[in-house]
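Each remark here refers to the structure printed beneath this line.
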Amino acid sequence: QVQLVESGGGLVQAGGSLRVSCAASGSISSIYTMGWYRQAPGKQRELVAEVTYGGTTNYAESVKGRFAISRDNAKNTVYLQMNNLKPEDTAVYYCHAEIRGVGSASYRGSYWGQGTQVTVSS
């Protein structure tokens with residue numbers, strides 16, 4: 001079974017920084033794109049940033065220049081460094097990954113973490 005476990009997040013003042021991490025574990029053959037989405041109250045979940053296995057990144061326009069996504073393939077972990085945070089960044093942040101498992105799970109599936117709250121006070 002594949003799991004994504006997030007850590008980090010919390011409460012920070014506007015202009016501050018936070019880093020969230022997400023580690024994939026379980027019976028994993030390959031991990032393709034890893035990324036972060038967020039969902040604010042009353043809004044749809046939206047892509048924040050994603051990174052391919054080779055390191056190609058993609059960011060939402062609203063976070064370009066402030067957030068940086070990276071991954072450690074040896075640790076099956078993706079990170080999101082969030083700088084110059086704004087109150088509008090307040091949301092639950094979800095880790096996402098496309099993972100091929102092994103054995104009976106040897107297909108390319110879409111997996112989500114449980115979410116971590118990021119709150120930015122003004």
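No hydrogens, no waters, no symmetry mates; every other heavy atom, side chains included, goes into these values.
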*For the residue pair Ala40 and Ala91, what are the closest heavy atoms and their distance?*
N-CB, 3.8 Å
*Return the minimal non-hydrogen interatomic distance between Pro87 and Ser122, and the atom names on each side.*
CG-CB, 3.8 Å
*Check whether the side chains of Asp72 and Thr77 place a donor and an acceptor atom closer than 3.5 Å, and report yes or no.*
no
*With rounding to the nearest 0.5 Å, note down the distance linking CZ in Arg19 to CD in Gln81.*
7.0 Å
_Are Glu50 and Trp36 packed together at the side-chain level, in the sense that at least one heavy-atom pair is separated by less than 4.5 angstrom?_
no
*Looking only at atom types and distance, does a side-chain atom of Thr116 sit under 3.5 Å from a main-chain N or O of Gly8, one as donor and one as acceptor?*
yes
*Would you say Val48 and Val20 are hydrophobically clustered, going by side-chain heavy atoms of ILVMFWY under 4.5 Å?*
yes
*May I ask you to decide if Asn84's main-chain N or O and Arg66's side chain share a donor-acceptor pair within less than 3.5 Å?*
yes
*Verify side chain to side chain contact (heavy atoms under 4.5 Å, CB included) between Leu47 and Asn58, making sure each step is shown before the conclusion.*
CA-CA 9 Å; Leu47 173 68; Asn58 178 43; 3.6 Å; yes
*Can Phe67 be reached from Leu18 by stepping across I, L, V, M, F, W or Y side chains whose heavy atoms are under 4.5 Å apart?*
yes
_Nearest-0.5 Å distance, CD of residue Gln3 to OG of residue Ser25_ = 5.0 Å
_Between Glu88 and Thr90: side-chain donor-acceptor atoms closer than 3.5 Å_ = no
*Check whether Val92 and Val63 end up in the same hydrophobic cluster, where Ile, Leu, Val, Met, Phe, Trp and Tyr are linked by side-chain heavy atoms less than 4.5 Å apart.*
no
*In Å, rounded to the nearest 0.5 Å, how long is the span from SG of Cys22 to CE of Met34?*
5.0 Å
*So which of Ile31, Thr33, Asn76 actually passes side-chain contact (heavy atoms from CB on, under 4.5 Å) with Ile99?*
Ile31
*Tell me whether the guanidinium CZ or amine NZ of Arg38 lies under 6.0 angstrom from the six-membered ring centre of Tyr94 and within 45° of its axis.*
no
_Quick check: Trp112 with Tyr37 (ring centres under 6.0 Å apart)?_
yes
_Any donor-acceptor N/O pair, Glu6 side chain to Cys95 backbone, under 3.5 Å_ = yes
*Tell me whether Val5 is reachable from Ile28 by hopping between hydrophobic residues (I, L, V, M, F, W, Y) whose side-chain heavy atoms are closer than 4.5 Å.*
no
*Identify the heavy atoms of Ala24 and Leu4 that sit nearest to each other, and give their distance.*
CB-CD2, 3.5 Å
*With a 4.5 Å limit on heavy-atom distance, are the side chains of His96 and Ser110 in contact?*
yes
_Side-chain donor or acceptor of Arg71 paired with backbone N/O of Thr52 under 3.5 Å_ = yes
_Please evaluate residues Gln117 and Tyr93 with respect to the criterion side chain to side chain contact (heavy atoms under 4.5 Å, CB included), reporting the C-alpha separation (whole Å), side-chain torsions for both, the decisive distance (0.1 Å), and the verdict._
CA-CA 6 Å; Gln117 178 70 46; Tyr93 283 69; over 6 Å; no
*Do the non-hydrogen side-chain atoms of Met82 and Ser17 ever get within less than 4.5 Å of each other?*
no
*Report the distance from atom OG of Ser62 to atom CG of Asp89, rounding to the nearest 0.5 Å.*
7.0 Å
*Looking at Ala49 and Leu80, what are the two nearest heavy atoms and their distance?*
CB-CD1, 4.2 Å
*Take atom OH of Tyr53 as the centre, draw a 6.0 Å sphere, and report whether it contains more than 12 heavy atoms from other residues, nucleotides or ligands.*
no
_With clusters defined by side-chain heavy atoms of hydrophobic residues (ILVMFWY) lying less than 4.5 Å apart, directly or transitively, does Val51 cluster with Tyr111?_
yes
_Main chain of Ile69, side chain of Tyr59: is a donor-acceptor contact present, judged purely on distance under 3.5 Å?_
yes
